[in-house]
Trainee: 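Sharing a structure here in structure tokens format.
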Amino acid sequence: MTEFSARLQSLFPHLLATPALSVLLTLIAYFAGVTIFRKLRQPVWCPPVLVAALLLAGTLSLLSISFDDYRRGAGWLSFLLGPATVALGVPLYQQFHHIRALWRQILVTVPLAATMAAAYALVIAWALGGSNSVMASLAPKSVTAPIAIGINQQIGGSVSLLMGSLLVTGVVASLCVDLLSRRLGIEDDRLIGLTLGINGHAIGTVRAFEISPTAGAFSSLGMGLTGVFTAVLLPFAMQLLALTAT
């Protein structure tokens, strides 16, 4: 068994030179996550992406594969996040009559909510003594991954920390929105969906589509507008904070 493991380890450098191993590990982790999610009767607190991420992290650690090596192989999967996000325009078009009726309320709500999402992350990180890199990594935590990565590159954060914060934010936001909507008696799918999209980005949007097409469309809208607003203003805000600190 030891000899087999040693031979397998010797193959990793060759496999990591192509996307094959990274893609294979990603797909296995994802399908395993979906299976476990269904076995657990689809709990809100344990979405497939969380299970898949934990399984993948454990596998990389067990096989002694660095995250940088894995990320190089899975780079084109990250590229596909962009087209997948754009494809959410289809349900937006299908539910446009609902969105048009509430455009004033949406345009007021999204900038305030997006600002608060970034602001409280910065305040908490600063209060706990976080470095500039940590604060830059956490600030876009409520933005969908393709946009958040672009913001992260502009403001100088850590991609690894950013991806972790995106995962935690999406899971916690989905759980909190689900619990609070029940406690407060909120049954409007438009409001629930918009809240999930603003705070929970893609993970929240997946949860919204599980509720209804209307909730999914409003979540897609909230996620998209939050991403655009944050991408435009956050780099300027971070530069202003840096100048103020000096």
Side-chain angles (χ1 to χ4, degrees), residues 9 12-13 15-30 32-33 46-82 84-85 114 117-175 199-206 223 226-227 230-231 234-235 237-239 241-242:
Q9 288 278 1
F12 286 159
L15 292 173
L16 289 171
T18 69
L21 182 60
S22 296
V23 172
L24 178 62
L25 292 177
T26 302
L27 292 177
I28 291 174
Y30 172 74
C46 189
V49 66
L50 175 61
V51 179
L54 294 175
L55 290 175
L56 183 58
T59 302
L60 295 180
S61 176
L62 184 64
L63 298 177
S64 300
I65 299 174
S66 70
F67 177 71
D68 289 335
D69 289 336
Y70 163 77
R71 186 174 61 182
R72 279 195 296 271
W76 70 274
L77 289 176
S78 300
F79 172 77
L80 292 177
L81 289 173
T85 303
Y120 77 74
L122 289 172
V123 169
I124 293 174
W126 173 80
L128 294 176
S131 64
N132 291 336
S133 177
V134 170
M135 290 191 286
S137 303
L138 297 179
K141 64 175 181 52
S142 295
V143 180
T144 187
I147 301 176
I149 292 173
I151 297 172
N152 188 265
Q153 292 172 346
Q154 292 184 52
I155 61 181
S158 165
V159 175
S160 300
L161 182 56
L162 168 67
M163 298 307 291
S165 67
L166 288 175
L167 178 61
V168 173
T169 299
V171 173
V172 173
S174 299
L175 178 60
N199 297 282
H201 48 81
I203 297 176
T205 301
V206 171
M223 179 179 66
T226 299
T230 307
L234 185 58
M238 293 298 293
Q239 289 179 6
L241 287 174

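As the structure is a prediction and not an experimental result, all values here were calculated from the model.
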Trainee: Taking atom CG of D69 and atom CG of L60, what is their separation to the nearest 0.5 Å?
Mentor: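 With rounding to 0.5 Å, CG (D69) is 9.5 Å from CG (L60).
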
Trainee: Between A52 and A29, what is the shortest heavy-atom contact and its length?
Mentor: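 Heavy atoms only, the tightest pair is CB-O, 3.4 Å.
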
Trainee: Under 4.5 Å between any side-chain heavy atoms of V206 and P47, yes or no?
Mentor: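 With C-beta onward as the side chain, the pair stays apart.
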
Trainee: Would a distance-only check, ignoring hydrogens and angles, find a side-chain to backbone donor-acceptor pair under 3.5 Å from S137 to S133?
Mentor: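 Yes, S137 side chain to S133 backbone: donor-acceptor pair under 3.5 Å.
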
Trainee: Using a 3.5 Å cut-off and no angle test, enumerate the donor-acceptor pairs between side-chain atoms of residues 159-174 and protein atoms at least two apart in sequence or in another chain.
Mentor:
| unit_1 | atom_1 | unit_2 | atom_2 | d |
| --- | --- | --- | --- | --- |
| S165 | OG | L161 | O | 3.4 |
| S165 | OG | L162 | O | 2.6 |
| T169 | OG1 | S165 | O | 2.7 |
| S174 | OG | G170 | O | 2.9 |

Trainee: Show the nearest heavy-atom pair for residues I155 and A136, with the distance to one decimal.
Mentor: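 That would be CD1-O, 3.2 Å.
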
Trainee: Can you give each donor-acceptor pair under 3.5 Å made by side-chain atoms of residues 118-132, sequence neighbours left out, with the distance rounded to 0.1 Å?
Mentor:
| unit_1 | atom_1 | unit_2 | atom_2 | d |
| --- | --- | --- | --- | --- |
| Y120 | OH | K141 | NZ | 2.8 |
| S131 | OG | V134 | N | 3.3 |

Trainee: Kindly give the heavy-atom pair with the smallest separation between M223 and A202, and that separation in Å.
Mentor: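 That would be SD-N, 3.4 Å.
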
Trainee: For side-chain contact (heavy atoms from CB on, under 4.5 Å), just list the numbers for L234 and V143, CA-CA rounded to whole Å, side-chain angles, deciding distance to a tenth of an Å, and then say yes or no.
Mentor: CA-CA 11 Å; L234 185 58; V143 180; over 6 Å; no

Trainee: Taking side-chain hydrogen bond (donor to acceptor under 3.5 Å, both in side chains) as the definition, give me every residue that meets it alongside T26, ordered by chain and number, with sequence neighbours left out.
Mentor: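 Checked T26 against side-chain hydrogen bond (donor to acceptor under 3.5 Å, both in side chains); matches are Y70.
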
Trainee: I'd like to check the side-chain contact (heavy atoms from CB on, under 4.5 Å) partners of I28; sequence neighbours left out, ordered by chain and number.
Mentor: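 So I28 forms a side-chain contact (heavy atoms from CB on, under 4.5 Å) with L24.
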
Trainee: Not counting sequence neighbours, which residues clear side-chain contact (heavy atoms from CB on, under 4.5 Å) with A231? List them please.
Mentor: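 So A231 forms a side-chain contact (heavy atoms from CB on, under 4.5 Å) with I147, I151.
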
Trainee: Distance from R71 atom CZ to S22 atom OG, nearest 0.5 Å?
Mentor: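 OG of S22 is found 11.5 Å from CZ of R71.
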
